[in-house]
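Here is the naming used below: chain letters follow the sequence lines, and residue numbers restart at 1 for every chain. As the structure is a prediction and not an experimental result, all values here were calculated from the model.
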Number of protein chains: 4
Amino acid sequence: MNKLKGIIVPMVTPLDHDRQIDYPGAVRLVEHMIKGGVHAIFVLGTTGESQSLSIEDRKKFVGFVGNAISGRVPYLVCVTDTSIEDSCCLARKAKESGACAVVAAPPYYFSPSQNDIINWYRALADSSPLPLYLYNMPGNVKVSIAPATVKVLASHPNIYGIKDSSANMTYFQTVKYLTEDEEDFSLYVGPEELTGECVLMGADGGVNGGANMFPELYVKMYEAASQGDIRTVRWLQNCIMKISTSIYTVGDCPSSYLQGLKCALELMGICHGGLALPYVSIGDEGRERIRTALQSINPSEWE
Amino acid sequence: MNKLKGIIVPMVTPLDHDRQIDYPGAVRLVEHMIKGGVHAIFVLGTTGESQSLSIEDRKKFVGFVGNAISGRVPYLVCVTDTSIEDSCCLARKAKESGACAVVAAPPYYFSPSQNDIINWYRALADSSPLPLYLYNMPGNVKVSIAPATVKVLASHPNIYGIKDSSANMTYFQTVKYLTEDEEDFSLYVGPEELTGECVLMGADGGVNGGANMFPELYVKMYEAASQGDIRTVRWLQNCIMKISTSIYTVGDCPSSYLQGLKCALELMGICHGGLALPYVSIGDEGRERIRTALQSINPSEWE
Amino acid sequence: MNKLKGIIVPMVTPLDHDRQIDYPGAVRLVEHMIKGGVHAIFVLGTTGESQSLSIEDRKKFVGFVGNAISGRVPYLVCVTDTSIEDSCCLARKAKESGACAVVAAPPYYFSPSQNDIINWYRALADSSPLPLYLYNMPGNVKVSIAPATVKVLASHPNIYGIKDSSANMTYFQTVKYLTEDEEDFSLYVGPEELTGECVLMGADGGVNGGANMFPELYVKMYEAASQGDIRTVRWLQNCIMKISTSIYTVGDCPSSYLQGLKCALELMGICHGGLALPYVSIGDEGRERIRTALQSINPSEWE
Amino acid sequence: MNKLKGIIVPMVTPLDHDRQIDYPGAVRLVEHMIKGGVHAIFVLGTTGESQSLSIEDRKKFVGFVGNAISGRVPYLVCVTDTSIEDSCCLARKAKESGACAVVAAPPYYFSPSQNDIINWYRALADSSPLPLYLYNMPGNVKVSIAPATVKVLASHPNIYGIKDSSANMTYFQTVKYLTEDEEDFSLYVGPEELTGECVLMGADGGVNGGANMFPELYVKMYEAASQGDIRTVRWLQNCIMKISTSIYTVGDCPSSYLQGLKCALELMGICHGGLALPYVSIGDEGRERIRTALQSINPSEWE
């Protein structure tokens with residue numbers, strides 16, 4: 001597999017307001033992102049609310065999106081679960097559905113030691129029919145994959161890289177430094193606020209939720225940063241920060257990011273904006289604030 | 001449903017060393033606990049490693065144990081999951097399998113607000129064909145069901161009580177005080193080290209893992225405490241602390257409790273002692289320390 | 001030193017609304033508590049807002065209260081600080097002022113390892129001219145003194161016991177069990193909601209903030225529990241829970257406990273109710289809610 | 001005051017192995033840093049172990065270093081304390097000693113709300129005779145100054161900027177974006193692993209502990225990044241990561257960074273390497289590992 005570089009969109013799972021998957025919306029969203037030039041599509045991550053969907057719905061969605069993409073861009077599937085059997089089952093489904101790789105965070109109910117994390121990933125990488133990327137997500141998993149653990153795992157032949165959503169850049173820089181002998185090991189950053197600086201410093205790309213809404217913006221950021229165009233990076237950074245501080249923080253609760261992103265996608269006419277329990281859609285007042293925020297975001301600033 | 005009182009055993013899920021469910025061991029364990037006089041059996045809790053089992057294995061185990069118990073003692077099933085659909089599916093399976101109630105901790109991947117927790121439990125209680133008990137487990141779930149939230153939920157007609165595994169007794173006393181107008185609302189304590197004092201203070205019972213090994217001890221503790229026999233409570237407390245400090249802490253890692261408990265059950269000849277990933281069985285040295293600890297525990301002290 | 005048993009009041013530091021120490025209020029408070037029968041008075045603990053006072057004010061207050069008590073009840077001084085020199089300096093001042101013992105939590109800026117905690121307490125116990133009690137306060141210190149660490153320290157000739165404010169009763173029971181060979185090692189519980197059950201189970205007393213307001217109530221609780229009078233314990237527990245849930249939670253912020261307690265003392269005419277920065281006194285609406293709560297608390301229920 | 005830009009060294013407090021301040025070492029260290037071209041010197045920060053020193057020693061050290069610097073570079077003093085009186089007292093001492101500004105983290109014993117943080121900083125900024133910089137240090141303070149709080153405080157006439165040691169770059173980017181209307185508000189990053197990318201993205205400098213040892217390296221990094229020389233930034237980043245991963249992690253305990261840094265300074269002949277309690281100097285084996293690490297670091301790579 002060639003090293004994957006650029007913007008990998010963590011696709012939302014469109015839901016209607018009865019919490020059923022909005023399949024037509026999913027098709028529109030896939031088309032929107034591909035038209036926007038994204039380098040890959042990634043389903044069932046945190047932004048995809050995977051953990052809130054039943055195993056059956058997850059499998060069905062993996063197949064559906066694989067079909068919608070039909071090989072036009074690389075397709076990745078998150079198989080994070082607390083049961084390694086269910087993770088492996090999702091990995092097989094991903095393979096069948098045309099995915100090129102799977103991604104998994106550590107198990108998140110029992111608190112694992114670093115040794116437990118190593119055992120877990122080795123077992124998963126051994127069983128997975130597809131290349132595996134690590135996913136560091138301490139905000140939800142509540143444990144971090146220690147840099148020394150990443151270094152150990154980077155030598156496994158079926159482990160190809162890491163997506164780091166910690167926002168802790170000392171962590172990211174340490175992982176980058178410790179794995180630089182593994183030439184094929186890729187590093188992606190989760191928070192879209194950090195894609196610019198990470199790519200400037202040598203990372204391979206970003207897994208950025210905002211690219212569901214504005215794929216071109218994040219693609220432009222990746223391109224500017226990979227070309228070392230600092231002036232453009234700083235300009236685009238302000239565009240991204242405007243989105244981050246106006247769309248993702250309205251609800252002032254743990255689901256604000258997802259509420260804002262899904263509400264915006266609905267207001268943009270791309271898909272329904274329902275959330276899966278335990279989260280709920282933003283209220284009417286929040287919706288109007290998102291509407292106002294969207295109106296003040298002007299894609300011509302970056303297009 | 002009459003109020004359930006006494007020792008509710010959070011049954012381990014016996015696994016062999018290939019991580020397959022040890023069904024004959026499960027039968028022996030059920031018989032051992034019933035013979036020991038326990039007041040109820042509870043499967044798929046934290047001690048039952050539910051989150052580490054596939055949804056399919058969980059359903060199968062619920063049916064199997066229901067059959068093994070055959071109504072001899074009340075049967076409870078934990079339906080904790082991050083997907084409310086999968087929780088409801090387990091609740092239906094529990095009903096089919098003869099359970100009298102289900103138990104659920106809040107969802108544990110996305111961090112829920114207290115409002116999210118209320119929505120979640122209401123949705124689950126509305127759908128569940130069986131009475132529902134709340135399960136406060138901040139150590140694994142990483143969020144606590146606030147006392148004010150418990151008070152709100154206690155008035156739901158299908159919510160019957162709470163199992164609190166926080167070990168935070170200010171929390172427990174506050175919940176007890178705030179729900180005392182709800183006469184049918186029951187309170188159980190998770191950590192076996194606290195059953196004595198909780199029952200002395202008026203709680204309804206304990207959900208104590210050690211009762212997998214020594215059911216009589218915990219039953220005696222419940223009886224002594226419910227009769228206000230402080231002298232006996234203090235004596236039995238020492239027996240329980242001896243187990244707690246010698247069996248559950250050998251591994252010195254997050255899985256020490258489960259490693260110790262399952263190793264002891266294997267050494268006692270009751271069932272295989274395998275653990276599900278991300279955890280692994282205790283090593284040989286630990287096993288010998290558990291063996292020594294078991295030899296120094298003398299059931300005649302409480303029988 | 002004879003083992004200290006009973007209710008040790010963590011005395012508030014009365015402040016006026018310019019944040020200056022209210023010395024006349026301190027005298028009235030000392031008299032109120034002694035009249036209420038408390039077994040000891042403890043200054044500069046968390047309830048005493050020690051960390052928010054300058055070193056000079058702390059020393060002055062230690063001397064002043066020692067003088068006000070004049071040996072009528074045992075006097076303890078908290079010397080918690082991040083600088084061991086300043087802790088030792090306070091310990092010498094305590095000795096001069098007639099105190100019988102000092103109390104110290106671990107240092108709370110740098111995160112100490114358990115070995116660091118052992119080194120720290122040994123150095124402090126070696127230098128202190130008075131007996132030293134450990135103080136477990138993970139809520140503010142953010143690290144717990146592990147039970148195995150307590151066991152190591154319990155054998156030091158100048159370490160006499162522990163005050164545990166964790167509210168984690170598994171912790172408390174474990175410490176109690178591990179130190180039971182050290183006959184002279186005392187155990188006190190911080191949260192007043194837990195004094196009843198802890199003393200029933202064999203603890204030596206409670207360090208309970210509510211005893212600033214209603215010393216008789218906590219003294220009665222200690223007496224009932226130490227005599228094994230469960231019926232009275234349960235009755236008094238409800239009185240304590242009423243205070244806990246109505247006085248300490250009004251502000252709904254990290255300072256609610258202190259705001260409520262100090263406002264109540266002011267409304268009772270005992271002392272001014274100012275708080276030291278970073279905290280501020282409760283607002284007018286909160287004050288009225290505390291007033292209403294106080295009116296519904298009827299000391300004749302326990303006197 | 002002109003905006004301060006570049007490398008501000010958080011100077012260690014040299015201690016001998018009896019934990020007394022090594023004044024001759026402090027002089028040598030000041031000369032070493034000034035010779036290395038640093039843009040400012042900052043005493044009594046976290047790297048300076050301020051909290052572990054007595055108030056008296058802190059004041060004495062502030063005066064001594066001010067004298068040693070004698071105005072050759074800007075001088076900053078950290079006045080972080082849990083007592084605002086003691087903070088103000090240190091600020092006055094800083095003024096007397098020739099400092100140009102003070103720096104303060106929020107109080108760290110009581111958990112403050114964001115409102116409490118605002119009150120605290122306003123009171124401190126109002127009283128301080130010198131400009132005040134905020135210091136975000138959630139690792140030790142355990143609370144973060146929320147970006148919205150920084151925005152509120154940035155408009156205070158005596159608050160000039162923030163040093164962020166969170167390593168959370170989403171936080172840093174958010175603070176940067178929210179304060180960009182305050183032209184004179186400066187942003188410095190704590191972790192030296194992040195100075196390169198932060199300055200590339202527009203930050204004003206770094207407060208980097210490694211500059212005690214190798215001031216030229218960090219100065220070069222600042223210069224390369226402020227000139228947009230990405231190639232050099234990436235090269236120097238590797239030099240910094242080599243130091244970070246070989247000097248600061250030997251002890252594998254909470255004090256590893258300080259142990260490594262101070263041991264290296266001792267091995268380099270600059271000052272004694274003692275640590276203040278609760279921390280202790282690295283052991284002999286660790287010392288040899290630091291010696292080996294130092295030998296493999298070649299300043300000619302960046303000079």
Identify which part of [X] has an atom lying under 4.5 Å from any heavy atom of chain D, answering side chain, backbone, both or neither.
| X | answer |
| --- | --- |
| I55(C) | both |
| E56(C) | neither |
| A276(C) | neither |
| L258(C) | side chain |

Indicate yes or no: does D86(C) engage R58(C) in a salt bridge with an N to O separation below 4.0 Å.
no

Do R19(D) and E49(D) sit within salt-bridge range, that is, some charged N less than 4.0 Å from a carboxylate O?
no

Please tell me whether Y109(C) and Y109(D) form a close aromatic pair, meaning their ring centres lie under 6.0 Å apart.
no

Where is the tightest heavy-atom contact between S244(D) and T249(D), given as atom of each residue plus distance?
O-CG2, 3.8 Å

Give the minimum heavy-atom separation between L130(C) and N158(C), together with the two atoms involved.
O-ND2, 3.1 Å

Quick one: which residue pairs count as a salt bridge (Lys or Arg N to Asp or Glu O under 4.0 Å) with a foot in residues 111-130 of chain D, not counting sequence neighbours?
none

side-chain contact (heavy atoms from CB on, under 4.5 Å) involving A167(C) - partner list, sequence neighbours excluded:
N168(B), T170(B), P191(C), L194(C)

Quick check on T46(D) against chain C: is it the side chain, the backbone, both or neither that has a heavy atom closer than 4.5 Å?
both

Only pairs of heavy atoms separated by less than 4.5 Å count here; which of S113(C), S111(C), P112(C) has the most with chain D?
S111(C)

Do the side chain of Q259(C) and the main chain of G286(C) share a donor and acceptor less than 3.5 angstrom apart?
no

Enumerate by number any residue of residues 137-146 of chain D whose heavy atoms lie under 4.5 Å from heavy atoms of chain C; in the absence of such residues, state 'none'.
M137(D), N140(D), V141(D), K142(D)

List the residues meeting side-chain hydrogen bond (donor to acceptor under 3.5 Å, both in side chains) with R287(C), not counting sequence neighbours, and say none if there are none.
E266(C)

